[in-house]
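So you know, we letter chains A, B, ... as the sequences are listed, proteins then strands, and number each from 1.
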Amino acid sequence: MCANPLEDVRVCIADSLGVPIDSVRMGFDIPREEFGDISIVLSKAMIERDKVSLDRLRGCRFVSQADLKGIYLNIFLDRERFTQLVLSYVVGREDYGVCREGRQRNIVVEYVSANPIHPLHIGAARNAALGSFIARILRAFGNNVQTRFYINDAGRQTAIVALGFKLLKEFEKPANMKPDHWIGLVYAITNTVAEIQRVKKELEKASGEEVKKLKSELDELMVDAARLYSIAPDAFNVISEAMKSIDFEEEVSRIMKEYEEGEPSTVSLVRSIINMCIEGFKETLKRFGVEIEVWDWESDLIWSGEVEKILRELRKRATMHKGALAIDFKEIDREDIRERLRIEKGLEIPPLIIQRSDGTTLYTVRDIAYTLKKFREFNADTVINVIASEQKLPQSQLRLALYMLGYTREAENLIHYSYEIVNVEGAKMSSRRGRIITLDEIMNEAKRRVLMELEKRGGGSEEIAEKVGIAAIKFYLLSVSPSRPVKFAWDSVLNFERNSAPYLLYTYARTEGIFRKARELGIELDWAKMLQKIDKRLAETARRWRLVKLVASFPDIMYKSYKELDPSPLAIYTLKIADEFNTWYDEEPIVLEKDESLRDSKILLVYAVNKVLRNSLQMLGIEPIERM
RNA sequence: GGGCCCGUAGCUCAGCCAGGACAGAGCGCCGGCCUCCUAAGCCGGUGGUCGGGGGUUCGAAUCCCCCCGGGCCCGCCA
């Protein structure tokens, strides 16, 4: 049973008109107020064929007035009956908004999965906010959801950071630095120093235009190096000094190979570094309100032989490409397969190299083994990978490879949930050069700003500042559609006015304030009792009626966000109901209403708004607060 | 060069997939509102050739084609 008042109305209308419910659902719309409370866009054919008659609509008890205007069937609802219906759904139902109808599915959501060689940055924050939202809303609608984090410890970057720590020898981590920040710094220093060496070497052999290009590249590198030096001069010196006497590429390649082969001293070095970084991630994510259930090590897939097994299967189908063993997807690159695997028509799929010439494995191949593991271990119907849009190509190759190896069910049910990246104004982020805005610093800055704001208003606690600040970040990241890049700017993330999480939390706190005041005045807040005697005048004013209608449309909005796994409809709706509530709040007294019957019904309406705000904030991953 | 995403008010963004009734918010700017339930609020004003051009349609911000601008990808990186 779904508590959705608008759906009840739709069913009622379809029944009375004798038309299929789906045509009413399809054409359903909320029109401009003067036209009606709801409207249904009818097809011309339907008007002709079914002879839509206004008379028959009288059979629906929620309709008070209807009018056919062109293709629009405009309907005014019976305010009293509809209000009663809406509020009866809200009272005594904690999860108002969600609907558990339909088959329960087992769904794995893999998200964040940031490279464990630098702190989580603003891009990972968008991923975390989106991924946790997806997991939450899938769960709310009754699915079994498991969340996973893929620790990419088998790549080249891991070897680079390991080399950095090797060169540092006994050098200690600065005491006041978070471990993942320290690792990110060592990674950036090692990488930048190596890049400088490479460019300098190339410069010796270059001529003409090439020289100019390399010189500007070198200039840029020197700027990064200077910045890194200023953060940790001693560590920088140790690494750059030690780098002079080694062959960087050879060392990196050796570490990678030893790690894949499970050579004990390399394994213990790499694992201790990555573990430190993961501890840092967990701390950051916990603060951000995100918890991931299963942490998978990429290297485990190699050591267990799962990657080798895939590799053997792939080799049977491999051809040579540019001197390397590769999979060419031409033979299965057909329109019908693309459609089944949701691969864009025009996307050009280059061959997939399956193994480096030194024998080490490549990411996409390892990811095939990982995908199968995710399906297998949770008996998953669907696996969702929350990954930035820039990985569209490898994700498509992954599905094609699965399909080619005969894992068609997995290929068809692996979803790449793609979102656009976060751009930082005026600067290009680069973790390789240590140029990132970390989630830790964003949270600190947000908290600092909220605290300042609270002090301006005479008080407030650290705890509230923390909650409000983090809510602001999350809401900002979720309110932009996933397909659109987010432009990061401190002032827009941390804005505390309308259209922001602080505004929503403030509005929620106001509703709580009303209940507090009511209790103070000795008013009994018995919702069931209030529901039994809703004052006829409650929905008489335009403002209160609008609020009733907004509360009524909450399940539709939730469903849309669920179906599309898109938080933005919910975010926008929440702002709208907050706006309407604040206007009402200023317009007339609620608890101080003299007429007791009307007063109680007004408080009941506040209760409905409060519940809708709470449920949507929680769905967005924001913890409501009672005072602000 | 090819592919994907984006282009809507000075700025940040909804609406586009499933075409319909004068294109919506916030910020900014100008002017008001705290003896009364939280002023992170409310009210009024300001502001748009929906990137440009064609096409489909009774009707296009929305669908199709071309062009322009921005981002991302096209690696024995992930």
Side-chain angles (χ1 to χ4, degrees), chain A residues 26-27 29 31-32 34-35 39 41 44 69-72 74 113-115 150 152 154-158 253 298 321-326 344-350 353-364 366-367 387-394 396 418-421 423 432 450 453-454 456-457 468 476 479-487 489 491-492 495-507 509-518 520-521 564 568-569 571-572 575-576 578-579 581-593 602-603 606 627-628:
Chain A
M26 287 290 288
D29 198 17
R32 293 214 324 263
E34 58 267 36
F35 290 124
S39 80
V41 182
K44 276 187 175 163
K69 203 169 181 183
I71 55 165
Y72 296 94
N74 293 325
S113 298
N115 284 326
Y150 189 37
N152 301 119
R156 197 182 129 84
Q157 328 89 310
T158 313
S253 173
E298 194 177 16
H321 176 78
K322 289 185 185 168
L325 218 49
E344 278 124 10
K345 271 203 183 86
L347 188 65
E348 202 178 310
I349 316 268
I353 309 282
I354 60 173
Q355 198 169 20
R356 289 192 188 91
S357 40
D358 67 359
T360 55
T361 57
L362 284 154
Y363 170 80
T364 308
R366 300 188 295 255
D367 210 9
I387 303 179
S389 71
E390 59 193 9
Q391 289 199 49
K392 210 164 240 179
L393 177 60
S396 298
S418 160
Y419 63 93
E420 280 296 328
I421 55 163
N423 294 310
R432 290 201 316 250
V450 176
E453 201 66 31
L454 285 170
K456 231 195 278 175
R457 291 157 217 275
V468 174
Y476 178 73
S479 59
V480 177
S481 281
S483 67
R484 187 190 271 269
V486 166
K487 280 179 206 152
D491 287 338
S492 41
N495 116 66
F496 303 124
E497 280 157 359
R498 278 177 77 173
N499 249 359
S500 72
Y503 170 72
L504 293 173
L505 289 170
Y506 176 76
T507 307
R510 269 185 155 179
T511 63
E512 288 290 329
I514 286 172
F515 303 147
R516 271 198 301 276
K517 186 75 183 178
E520 252 174 62
L521 296 175
E564 295 172 12
S568 50
I572 285 156
L575 289 169
K576 200 169 168 193
D579 282 348
F581 174 78
N582 280 318
T583 302
W584 178 45
Y585 183 95
D586 260 46
E587 227 169 47
E588 57 176 356
I590 296 167
V591 171
L592 303 179
E593 163 69 53
K602 281 182 176 181
I603 297 174
V606 175
R627 274 176 209 271
M628 209 165 131

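- Using the Watson-Crick or G-U wobble rule with both distances under 3.5 Å, G20(B) pairs with C58(B).
- For Ile572(A), taking side-chain heavy atoms from C-beta onward, the closest of the listed nucleotides G71(B), A14(B), C76(B) is A14(B).
- Judged by distance alone, with hydrogens and angles left aside, Ser389(A) brings no side-chain donor or acceptor close enough to the base of C4(B) to form a pair under 3.5 Å.
- In the set G71(B), C43(B), A14(B), the nucleotide with an atom closest to the side chain of Ile421(A) is G71(B).
- Here the CG-CD distance, from Leu505(A) to Glu512(A), works out to 11.5 Å after rounding to the nearest 0.5 Å.
- You'll find that the side chain of Leu393(A) is closest to C74(B), out of U38(B), C74(B), A78(B).
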* To do: Test side-chain contact (heavy atoms from CB on, under 4.5 Å) on Tyr419(A) and Val480(A) and set out the steps.
  => CA-CA 10 Å; Tyr419(A) 63 93; Val480(A) 177; over 6 Å; no
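- With hydrogens and angles left out, the side-chain atoms of Asn152(A) and Arg366(A) include no donor and acceptor closer than 3.5 Å.
- Between C76(B) and Thr360(A), no contact under 4.0 Å exists linking OP1 or OP2 to a side-chain N or O.
- Stacking between Phe35(A) and A21(B) is present: the aromatic ring centre lies within less than 5.5 angstrom of the base six-membered ring centre, and the two planes differ by under 30 degrees.
- Listed here is the closest heavy atom pair of Asp358(A) and Ser253(A): OD2-OG, 3.3 Å.
- No N or O donor and acceptor, one from the side chain of Glu453(A) and one from the base of A39(B), sit under 3.5 Å apart.
- Within the structure, a side-chain polar atom (N or O) of Arg510(A) is placed less than 4.0 Å from OP1 or OP2 of A39(B).
- Syn is the classification of C34(B), since its glycosidic angle stays within 90° of 0.
- The same atom, P, is picked in C73(B) and in C16(B); the two are 28 Å apart, to the nearest Å.
- The gap from the P atom of G53(B) to that of A14(B) amounts to 24 Å, rounded to the nearest Å.
- Heavy atoms of Leu592(A) sit under 4.0 angstrom from at least one base atom.
- Taking only side-chain nitrogens and oxygens, Arg484(A) comes nearer than 4.0 Å to OP1 or OP2 of A14(B).
- Position along RNA chain B of the nearest nucleotide to Asp29(A) versus Ala509(A) favours Asp29(A) as the more 5'-ward residue.
- The partner of G28(B) is U46(B), by the rule that a Watson-Crick or G-U pair needs both atom distances under 3.5 Å.
- Picking from C17(B), C37(B), A78(B) the nucleotide with the shortest atom distance to the side chain of Tyr363(A) gives A78(B).
- In this entry G1(B) has C74(B) as its Watson-Crick or G-U wobble partner, both defining distances falling under 3.5 Å.
- If you check every strand for non-hydrogen atoms under 4.0 Å, Pro569(A) touches nothing.
- Considering only side-chain N and O atoms, Arg366(A) lies under 4.0 angstrom from the phosphate OP1 or OP2 of A78(B).
- Across all non-hydrogen atoms, the minimal contact from Pro350(A) to Glu348(A) is CD-O, 3.2 Å.
- Taking the centre and axis of the six-membered ring of Phe581(A), the NZ or CZ atom of Arg510(A) falls outside the cone set by 45° and 6.0 Å.
- Closest contact between the side chain of Arg356(A) and the listed nucleotides C5(B), C37(B), C77(B) involves C77(B).
- With both ends at atom C1', the span from G69(B) to C77(B) equals 30 Å, rounded to whole Å.
- Picking from C13(B), G41(B), C77(B) the nucleotide with the shortest atom distance to the side chain of Arg156(A) gives C77(B).
- Comparing C13(B), U38(B), C6(B) by their closest approach to the side chain of Lys487(A) singles out C13(B).
- Among the atoms of the strands shown, none is found under 4.0 Å from any heavy atom of Glu512(A).
- Residue Leu454(A) is in base contact, counting any heavy-atom pair closer than 4.0 Å across all strands shown.
- Residue side chain Tyr585(A) fails the stacking definition with respect to G41(B), as its ring centre and the base's six-membered ring centre are not both under 5.5 angstrom apart and under 30 degrees in plane angle.
- Taking 4.0 angstrom as the limit, Arg432(A) places none of its side-chain polar atoms (N or O) nearer than this to OP1 or OP2 of A78(B).
- Residue Thr364(A) places none of its side-chain N or O atoms closer than 4.0 Å to OP1 or OP2 of A78(B).
- Note on Glu588(A): a base of the nucleic acid sits closer than 4.0 angstrom, heavy atoms only.
- Residue-level contact check: Glu593(A) touches neither bases nor backbone, having no heavy atom under 4.0 Å from any strand.
- Residue-to-nucleotide contacts include a donor-acceptor pair under 3.5 Å from the side chain of Asn74(A) to the base of A21(B).
- The side chain of Tyr503(A) has C42(B) as its nearest neighbour among A21(B), C42(B), A78(B).
- Comparing the P positions of C4(B) and G45(B) gives an interatomic distance of 45 Å, to the nearest angstrom.
- Using N1 to N3 plus N6-O4 or O6-N4 for Watson-Crick, or N1-O2 and O6-N3 for G-U wobble, each under 3.5 Å, C36(B) pairs with nothing.
- The CG atom of Leu362(A) sits 12.0 Å away from the CZ atom of Arg156(A) when rounded to the nearest 0.5 Å.
- Contacts of Leu362(A) with the nucleic acid, taken as non-hydrogen atoms under 4.0 Å apart, involve only primed sugar atoms and P, OP1 or OP2.
- In plain terms, the two heavy atoms of Asn74(A) and Lys69(A) that are nearest each other are ND2-CB, 4.1 Å.
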